[in-house]
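Note that the structure is a prediction, hence the values are computed from the model and not measured.
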Amino acid sequence: MKREQNFRRAKKVIPGGVNSPARAYSRVDVEPPFIEKGEGPYLYDTAGNRYIDYVNSWGALIFGHAYPAVVEAVRKAAEKGTSFGAPTERETELAKLVREAFPSIEMIRFVNSGTEATMSALRLARGLTGRDLVVKMSGCYHGHGDSFLVEAGSGPATLGRPNSPGVPKVLSRKTITVPYNDGQAVEEAFDRYAGEIAAVILEPAAANMGVVPPIPGYLQKLRDITEAHDSLLIFDEVITGFRVAFGGCQELYEVEADLTCLGKIVGGGLPVGAFGGRAEVMNHLAPAGPVYQAGTLSGNPLATAAGLVTLQALKEKNIYRKLDRRTEFLTTELENFARELQLTLQIQWLPGLFSLFFTESEVTSFEDAKRSDNQLFKKYFEQALSANIYLPPSPFESNFISLAHDDKILRKTLRILKEILNQL
Ligand code: HOZ
């Protein structure tokens with residue numbers, strides 16, 4: 001069925017036709033393709049088109065679609081039961097593997113999404129410190145928990161509604177927002193609210209306002225400030241964990257968080273989130289401690305099976321070098337071409353993810369990202385979709401490269417994107 005027809009039908013029974021707003025193509029003038037299947041770097045829609053996919057389930061699929069080891073592990077697990085609501089050995093195995101990747105994590109709890117991970121991590125930080133305030137960076141997105149829908153990136157930014165109605169004012173007042181990459185602003189927040197801030201939360205490399213890496217010294221400064229004020233530093237590595245490096249941004253930038261939130265890759269494409277940190281912190285969680293958090297499907301056998309084979313496969317030597325090299329190839333070639341054309345374009349990237357900002361100078365904050373020319377973005381996006389390149393439909397999202405995107409696929413993408421840039 002054609003996408004217009006599909007979308008019309010969906011809108012009659014699902015608000016906006018989608019189960020998560022970022023997929024609704026609200027910022028562009030086309031309807032979203034309805035997907036039938038994925039295979040390696042490709043997505044196939046119900047109208048018979050095959051796309052090269054640069055969304056990769058918003059970063060969850062580091063090996064591409066229907067990665068055979070994951071499919072087999074999930075199939076085998078499903079044959080023995082899909083949910084027990086009881087402990088399994090595989091949960092411990094997965095926990096141990098995450099610990100290997102992130103030295104700052106001694107204990108971890110698995111949940112079902114990144115949103116649950118960040119909500120629970122913040123509750124834990126509040127419960128532990130007895131403080132209510134949280135410092136968040138504008139343009140960072142931490143899922144749809146009440147405390148985080150304040151100047152949020154990703155879907156809320158795409159819709160132009162970074163603060164959501166329905167969040168009690170008393171709660172949003174507990175979220176202090178400061179610009180990303182501005183350590184001084186965090187210092188000032190601590191001066192102003194001395195003894196009241198439970199935690200500082202951020203994406204250590206922002207990926208929900210496009211890709212905005214931290215400026216040198218920024219993460220260390222936040223580490224120092226939070227330590228000096230007995231406040232917790234929470235890294236939301238839902239996107240960057242197991243993507244920019246096996247140990248995420250903490251490995252890349254050598255700064256450790258008190259609590260780390262994970263999602264996407266850790267579940268190998270199944271619904272998984274997780275949060276972890278030092279044992280003395282995590283043991284405040286029920287039933288070991290008083291802070292309550294729970295979930296029937298948390299740590300379910302399908303999710304842990306997919307997560308386990310994915311993380312095991314990621315331990316293979318040189319895998320991140322490969323991802324780094326491929327991302328560098330695509331972005332550098334595009335950048336050089338844009339320079340030849342004298343296009344107003346910034347390409348920002350980290351291993352496995354990148355984004356294009358149609359703006360004059362480097363983007364280091366949400367304010368900068370918002371200056372990106374939306375008309376140019378729309379043209380670029382729509383032409384790419386017509387040429388069967390599936391990109392995130394918003395400048396406030398990241399493009400993702402998987403290990404299934406080999407040199408041939410990248411060269412083909414490059415040829416198509418160059419043609420499009422040439423016509424902008
Ligand atoms: N949170 C995702 C974007 N950063 C969107 C997920 C979705 O719409 O599927």
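Relative to the ring axis of Phe381, Lys379 does not place its NZ or CZ within 45° and under 6.0 Å from the centre.
For Glu360, the CD atom is loosely surrounded, since the number of other residues' heavy atoms within 6.0 Å does not exceed 12. Applying the 6.0 Å contact sphere to NE2 of His229 captures more than 12 heavy atoms from other residues, nucleotides or ligands. Gln342 CD: 12 or fewer foreign heavy atoms inside a 6.0 Å radius. Heavy-atom contacts from other residues, nucleotides or ligands closer than 6.0 Å to CZ of Phe84 number more than 12. In this structure, Lys174 places its NZ atom where only 12 or fewer heavy-atom neighbours from other residues, nucleotides or ligands lie under 6.0 Å away.
At distances below 3.5 Å, at least one donor-acceptor pair connects side-chain atoms of Tyr180 with backbone N or O atoms of Glu203. Using modelled atom types, no side-chain atom of Asp53 and backbone atom of Tyr42 make a donor-acceptor pair closer than 3.5 Å. With hydrogens and angles ignored, the 3.5 Å screen pairs a side-chain donor or acceptor of Arg131 with a backbone N or O of Ile197. For Ser402 (side chain) and Ala404 (main-chain N/O), a donor-acceptor pair under 3.5 Å exists by modelled atom type. Between the Arg109 side chain and the Phe275 main chain, no donor and acceptor come within less than 3.5 Å of each other. With Tyr390 contributing its side chain and Pro33 its backbone, the two residues share no donor-acceptor pair below 3.5 Å. Of the possible donor and acceptor atoms, one in the side chain of Arg223 sits under 3.5 Å from a partner among the backbone N and O of Glu256. Between the Ser355 side chain and the Ser398 main chain, no donor and acceptor come within less than 3.5 Å of each other. Proximity of a side-chain donor or acceptor of Thr177 to a complementary backbone N or O of Lys136 within less than 3.5 Å is not detected. For Thr296 (side chain) and Gly85 (main-chain N/O), no donor-acceptor pair under 3.5 Å exists by modelled atom type.
Heavy-atom minimum distance, Asp258 versus Ser231: OD2-O, 3.9 Å. Of all heavy-atom pairs between Gly307 and Leu94, the closest is C-CD1, 3.8 Å. Heavy-atom minimum distance, Ser372 versus Thr359: CA-CB, 4.0 Å. Across all their heavy atoms, Asn56 and Phe400 have their closest contact at ND2-O, 2.9 Å. Across all non-hydrogen atoms, the minimal contact from Thr327 to Gly352 is OG1-N, 2.9 Å. Taking both residues in full, the closest heavy atoms of Gly248 and Phe102 are given as N-CZ, 3.9 Å, listed atom of the first, atom of the second, then distance.
Here Tyr292 contributes atom OH and Arg123 contributes atom CZ; the two are 10.5 Å apart, rounded to the nearest 0.5 Å. Atom CD of Glu151 is separated from atom OG of Ser172 by 11.0 Å, given to the nearest 0.5 angstrom. To the nearest 0.5 Å, the span separating CZ on Phe358 from CG on Leu376 amounts to 6.0 Å. Note that the CZ atom of Arg243 and the CG atom of Leu252 stand 13.5 Å from one another [nearest 0.5 Å]. Between atom CZ of residue Arg8 and atom CG of residue Asn6 there is a gap of 10.0 Å, rounded to the nearest 0.5 Å.
Looking at Val30 and Leu385, their side chains come closer than 4.5 Å, going by heavy atoms from C-beta outward. Looking only at side-chain heavy atoms (C-beta outward), Val255 and Gln250 stay at 4.5 Å or farther from each other. Between Leu414 and Leu410, the closest side-chain pair of non-hydrogen atoms is not below 4.5 Å. Residues Leu353 and Ile401 form no side-chain contact, since every pair of their non-hydrogen atoms from C-beta on lies 4.5 Å or further apart. Counting heavy atoms from C-beta on, the side chains of Phe246 and Tyr320 come closer than 4.5 Å. Inter-residue side-chain proximity for Arg99 and Ile108 is flagged as unmet; no heavy-atom pair is nearer than 4.5 Å. Counting only heavy atoms from C-beta outward, the side chains of Leu334 and Leu417 approach each other to under 4.5 Å. Counting heavy atoms from C-beta on, the side chains of Val178 and Asp182 never come closer than 4.5 Å.
In this structure, Glu100 pairs ionically with Lys315, as a charged nitrogen and a carboxylate oxygen lie closer than 4.0 Å. Salt-bridge annotation for Glu93 and Lys96: absent, with no side-chain N of the basic residue lying under 4.0 Å from a carboxylate O of the acidic one. A salt bridge links Lys378 with Asp29: the closest approach of a Lys/Arg side-chain nitrogen to an acidic carboxylate oxygen falls below 4.0 angstrom. Looking at Glu187 and Lys221, a side-chain N of the basic residue comes within less than 4.0 Å of a carboxylate O on the acidic one, giving a salt bridge. Using a 4.0 Å cut-off between charged side-chain N and carboxylate O, Glu333 and Lys418 make a salt bridge.
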